[in-house]
2 protein chains.
Amino acid sequence: MTNRRDAILDVAERLIRAHGYSGFSFRDVASEVGIKSASVHYHFPTTPDLAAEVAKRYRQRFFEAVEAEVQSGAGRVEAWRSLFRRALDQDGLMCLCGILATEGDGLPTEVANEARAFLRLGIDSLNQTQNGEGGRILSQLEGAMLIARSTNDVGFFDIATENLA
Amino acid sequence: MTNRRDAILDVAERLIRAHGYSGFSFRDVASEVGIKSASVHYHFPTTPDLAAEVAKRYRQRFFEAVEAEVQSGAGRVEAWRSLFRRALDQDGLMCLCGILATEGDGLPTEVANEARAFLRLGIDSLNQTQNGEGGRILSQLEGAMLIARSTNDVGFFDIATENLA
DNA sequence: GTCTATAAGATGATAGAC
DNA sequence: GTCTATCATCTTATAGAC
């Protein structure tokens with residue numbers, strides 16, 4: 001069984017990816033984990049603390065997954081594309097940092113910083129094999145997720161990113 | 001001087017585009033307009049009413065602006081691109097419906113419907129001259145806005161959408 | 001570690017005076 | 001139309017018992 005701390009991070013990540021930073025609360029997290037909100041505060045003092053930790057873990061896991069796929073012989077662009085597609089298809093969730101980025105202004109500094117870091121490193125990662133095109137490719141992927149999720153249609157993502165296959 | 005109702009819509013649009021649907025409140029709107037929140041309720045009974053009206057007006061205005069530019073001889077893709085760029089550059093704001101779309105799940109039905117309508121009609125609009133590529137183009141534009149706003153760098157938008165010029 | 005209790009503030013919304 | 005209450009509810013966060 002996972003750590004309680006991990007369970008909190010799991011639920012928080014799903015809720016933020018579903019409703020955004022402004023749309024989740026300690027009470028919601030606590031309720032789904034099966035504890036009280038005061039107990040969440042024991043693990044993560046404040047809301048920005050929790051959200052920043054969620055974003056940090058998301059970034060680390062995502063980049064590890066990309067590297068793993070690349071090691072297995074997949075193209076780098078295809079790795080990014082298929083990882084995003086899987087989340088969209090399996091859980092109906094788009095990129096955490098894409099959501100956070102849209103809320104930009106009202107976000108606590110440390111959370112906004114994590115979202116920015118993910119996007120910047122993502123561009124760098126894609127530039128490794130597609131020199132100078134990383135920004136365009138990540139834009140296309142984030143935008144396609146955004147629209148696909150809104151229309152609840154994974155097929156849209158496939159078509160809108162077909163040129164990246 | 002504009003109507004008070006219009007003034008409310010103006011402020012609400014800016015606040016939603018800056019902080020998202022979950023990140024704006026009647027009090028914030030009222031405060032910036034210079035009235036009390038009870039007075040906002042007189043014009044728009046509920047929060048979803050106001051947000052849906054904002055989204056509807058945004059869609060109408062945006063499509064009118066696109067058609068106007070096309071009438072003036074601009075390419076359709078270039079019209080979309082320059083309209084998004086202008087908002088990003090002048091006000092630091094991305095597409096209203098792009099923001100709303102990311103919050104998808106937690107959104108009141110009528111607001112989510114308006115966001116979806118904008119995106120679907122946008123794809124149709126772009127498909128008029130770029131048959132079968134409207135989805136990819138709108139994805140790229142929305143994603144580029146999202147990233148440019150997060151990094152506060154309009155130049156990123158230019159580079160990431162250079163191929164659409 | 002988790003709980004109960006509680007504080008202090010924000011929020012959506014309504015009733016009723018003017 | 002706009003205001004002053006006022007309400008019920010949600011939210012973050014803390015103190016202190018267990």
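Residue numbering restarts at 1 for every chain, and letters A, B, ... go by the order of the sequence lines.
- For the residue pair A:Asp28 and A:Ser25, a side-chain donor N or O sits within less than 3.5 Å of a side-chain acceptor on the partner.
- Classification of the B:Phe62-B:Phe118 ring pair by plane angle, with boundaries at 30° and 60°, yields perpendicular.
- If you measure from atom CZ of A:Phe26 to atom P of D:dT14, you get 10 Å, rounded to the nearest angstrom.
- Between A:Gln140 and A:Asn163, the side chains place a donor N or O and an acceptor N or O closer than 3.5 Å (distance only, hydrogens not considered).
- Against DNA chain C, the stretch residues 30-41 of chain B makes heavy-atom approaches under 4.0 Å through B:Ala38, B:His41.
- The line from CZ of A:Phe157 to CD of A:Glu162 is 12.0 Å long, rounded to the nearest 0.5 Å.
- Atom CG of B:Asn152 has 12 or fewer neighbouring heavy atoms from other residues, nucleotides or ligands inside a 6.0 Å radius.
- Here chain A contacts DNA chain C (any atom closer than 4.0 Å to a heavy atom, that is under 4.0 Å), and the contacts span C:dG1 to C:dT4 from 5' to 3'.
- The line from CD of A:Glu78 to CG of A:Leu164 is 8.5 Å long, rounded to the nearest 0.5 Å.
- Contact annotation for A:Phe24: backbone-only contact, meaning every heavy-atom pair under 4.0 Å involves sugar-phosphate atoms and none involves a base.
- For the helix from C:dG1-D:dC18 to C:dC18-D:dG1, the terminal axes (five pairs an end, C1' atoms, rotation from four pairs onto the next four) enclose an angle of 0°, given to 10 degrees.
- Scanning for side chain to side chain contact (heavy atoms under 4.5 Å, CB included) contacts around B:Leu121 gives B:Arg59, B:Phe63, B:Asp124, with sequence neighbours left out.
- Interatomic distance, SG of B:Cys95 versus CE of B:Met145, reported as 5.0 Å (0.5 Å rounding).
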Throw together a table of side-chain donor-acceptor distances under 3.5 angstrom for residues 7-16 of chain A, partners on residues two or more places apart or in other chains.
unit_1: A:Asp10; atom_1: OD1; unit_2: A:Arg57; atom_2: NH1; d: 3.0
unit_1: A:Asp10; atom_1: OD1; unit_2: A:Arg57; atom_2: NH2; d: 2.9
unit_1: A:Glu13; atom_1: OE1; unit_2: A:Arg57; atom_2: NH2; d: 3.3
unit_1: A:Glu13; atom_1: OE2; unit_2: A:Arg17; atom_2: NH1; d: 2.9
unit_1: A:Arg14; atom_1: NH1; unit_2: A:Glu32; atom_2: OE1; d: 3.4
unit_1: A:Arg14; atom_1: NH2; unit_2: A:Glu32; atom_2: OE1; d: 2.7

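- With 3.5 Å as the limit, one finds a donor-acceptor pair spanning the side chains of A:Glu103 and A:Ser22.
- Heavy-atom contacts from other residues, nucleotides or ligands closer than 6.0 Å to CD of A:Gln71 number 12 or fewer.
- Contacts between residues 9-19 of chain B and DNA chain C, counted as heavy-atom distances below 4.0 Å, involve no residue at all.
- In this structure, a donor-acceptor pair under 3.5 Å is absent between the side chains of A:Thr161 and B:Arg136.
- Here the shortest heavy-atom pairing between A:Ser37 and A:Ala30 reads N-CB, 3.4 Å.
- We find that OH of A:Tyr21 is positioned 10 Å from C1' of D:dT12, with the value rounded to whole Å.
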